[in-house]
Enquirer: 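Below you'll find the structure I mean.
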Number of protein chains: 2
Amino acid sequence: MFKIGELADLCNISADTLRFYEKNGLFQASKRSGAGYRLYTQADKNRLEFILTSKSVGFSLKEIADLLSINLDKSNRTCGDAKQLVDDKLAQVKEKLAELERLESSLQSLSDACCGGSESALHCTILEALATPKKPH
Amino acid sequence: MFKIGELADLCNISADTLRFYEKNGLFQASKRSGAGYRLYTQADKNRLEFILTSKSVGFSLKEIADLLSINLDKSNRTCGDAKQLVDDKLAQVKEKLAELERLESSLQSLSDACCGGSESALHCTILEALATPKKPH
DNA sequence: ATTGACCTTAGATCTTAGTCTAGGGTTTAT
DNA sequence: ATAAACCCTAGACTAAGATCTAAGGTCAAT
């Protein structure tokens, strides 16, 4: 059994984060010691790793709760359920990517048009471009 | 002169947002009416458009404050100053893009490996993959 | 037996960019 | 002269995901 600090160290997160996950219904310890210390089993650690892996591919904690509920009741849920969550997330990520690519291209244009020199900014193309209203995208 | 609601409508933002910008030192009205109403000039509207255009290319309000301070003191600031802010932002955006591309590829792999069918999720490749710890990137 | 490292809780704080509410004053049109 | 539509302020609230604080209890080693 691991105490909270031990599990936190093993998984490279803080004990505070573990308490936070617990408060938000994501991740409970299997037991408490006589003194009230949280005690985590290897199975708990596996569950935590599921959570952290999910986080690392971009799922929010709320979405991870959905994934966990499928995982906890595998036999009554379908592959389609799991894939739907992944595909929804993928669509979100693609949307953000498109927005960031738009920003990247705007910023690149601004940068390319500006000499960047040490003369005064009186006629700076960047400041001029920013002063020009743009249509909402 | 525009009242706050008029300017807000013209610029497609809310009056609350204008008050919020003012509270945060980004954008003040030139005058107040006898009754205390904010009154904005065309020059104010131009400043607001600078802010909104900056926002639309991804600058945070804090960064916009920096841009504004250059814009307000053009003759004592350089093109280099302005370009630096743009290039810093561009670097941030590229970083986020790289991270999102990493997420996209992970999610795409998860999605591709899963049949997505209506059989039970007992052997779902997505759930199995998420249960497998990943090295921190 | 006491120090230091660890654990407990509840609740406050942070960031960003607003939005909303309460309680009140003003302007405009009828 | 009264109702609708607008404006004012201060301050609370939101999302997300933690992080930090205060005040205290526990455990291991010296």
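These values consider heavy atoms only, across backbone and side chains, with no hydrogens, waters or symmetry-generated copies. By convention in this document, chain letters (A, B, ...) are assigned in the order of the sequence lines, proteins followed by strands, and residues within each chain are numbered from 1. Values in this document were obtained by computation on a predicted structure and should not be read as measured data.
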Enquirer: Let me know the distance between CD of B:E22 and C1' of D:dA10, rounded to the nearest Å.
Expert: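 Rounding to the nearest Å, CD of B:E22 and C1' of D:dA10 are 14 Å apart.
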Enquirer: Going by heavy atoms in the side chains, are B:R38 and B:R19 under 4.5 Å from each other?
Expert: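 In short, these two side chains touch, coming nearer than 4.5 Å.
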Enquirer: Look at A:S14 and D:dA18 and indicate whether a side-chain polar atom (N or O) is within less than 4.0 Å of OP1 or OP2.
Expert: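 For D:dA18, neither OP1 nor OP2 has a side-chain N or O of A:S14 closer than 4.0 Å.
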Enquirer: Got a sec, which pairs hit salt bridge (Lys or Arg N to Asp or Glu O under 4.0 Å) with one end in residues 103-129 of chain B, sequence neighbours left out?
Expert: A:K94-B:E104
Enquirer: For A:I64 and D:dA16, give me the distance from atom CD1 to atom C1', rounded to whole Å.
Expert: 12 Å
Enquirer: Output the rounded distance in Å from CZ (B:R32) to C1' (D:dC7).
Expert: 10 Å
Enquirer: On DNA chain C, compare the nucleotides closest to B:K62 and B:G34; which residue's is nearer the 5' end?
Expert: B:K62
Enquirer: Could you tell me the separation between the CD atom of B:Q92 and the C1' atom of C:dT16, rounded to a whole number of Å?
Expert: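 The answer, rounded to whole Å, is 13 Å.
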Enquirer: Within the structure shown, what part of the strands sits under 4.0 Å from A:R38 by heavy-atom distance: base, sugar-phosphate, or nothing?
Expert: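 Touches sugar-phosphate only.
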Enquirer: Distance check: side-chain N/O of B:T17 vs OP1/OP2 of C:dA17, anything under 4.0 Å?
Expert: no
Enquirer: Please pick, from C:dC7, D:dT19, C:dG18, the nucleotide with the shortest atom-to-atom distance to any side-chain atom of A:K3.
Expert: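 Nearest nucleotide to the side chain: C:dC7.
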Enquirer: Could you tell me how far apart A:K23 (NZ) and C:dT9 (C1') are, to the nearest whole angstrom?
Expert: 10 Å
Enquirer: If I take atom CD1 in residue B:I4 and atom P in nucleotide C:dT26, what distance separates them, rounded to the nearest angstrom?
Expert: 17 Å
Enquirer: Decide, yes or no, whether a salt bridge links B:E99 with B:R102 under the criterion of side-chain N to carboxylate O below 4.0 Å.
Expert: yes
Enquirer: Taking atom types as modelled and ignoring hydrogens, do the side chains of A:S56 and A:T53 form a donor-acceptor contact shorter than 3.5 angstrom?
Expert: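 The answer is no; no qualifying pair exists.
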Enquirer: Determine the contact category for A:S33: base if any of its heavy atoms lies under 4.0 Å from a base atom, sugar-phosphate if only primed atoms, P, OP1 or OP2 are that close, otherwise nothing.
Expert: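 A:S33: no heavy atom of the nucleic acid under 4.0 Å.
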Enquirer: What I want to check is whether an N or O donor and acceptor connect the side chain of B:Y37 with the base of C:dG25 at under 3.5 Å.
Expert: yes
Enquirer: Let me know, please, whether B:A35 or A:D16 comes out on the 5' side of the other along DNA chain D by nearest nucleotide.
Expert: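 Taking each residue's closest nucleotide, the earlier one in sequence belongs to B:A35.
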Enquirer: Find the distance A:Y40:OH to C:dC6:C1' and express it as a whole number of Å.
Expert: 14 Å
Enquirer: May I have all residue pairs that pass salt bridge (Lys or Arg N to Asp or Glu O under 4.0 Å) and include part of residues 59-76 of chain A, sequence neighbours excluded?
Expert: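 Qualifying pairs, neighbours excluded: A:E63-A:K89.
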Enquirer: Of the nucleotides C:dT8, C:dA17, C:dC20, which one has an atom closest to the side chain of A:R19?
Expert: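 My answer, after comparing the listed nucleotides, is C:dT8.
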Enquirer: How many whole angstroms separate atom CG of B:L61 from atom C1' of C:dT15?
Expert: 12 Å
Enquirer: Under 4.0 Å, counting only non-hydrogen atoms across every strand here, what does A:K55 touch: a base, just sugar-phosphate, or nothing?
Expert: sugar-phosphate
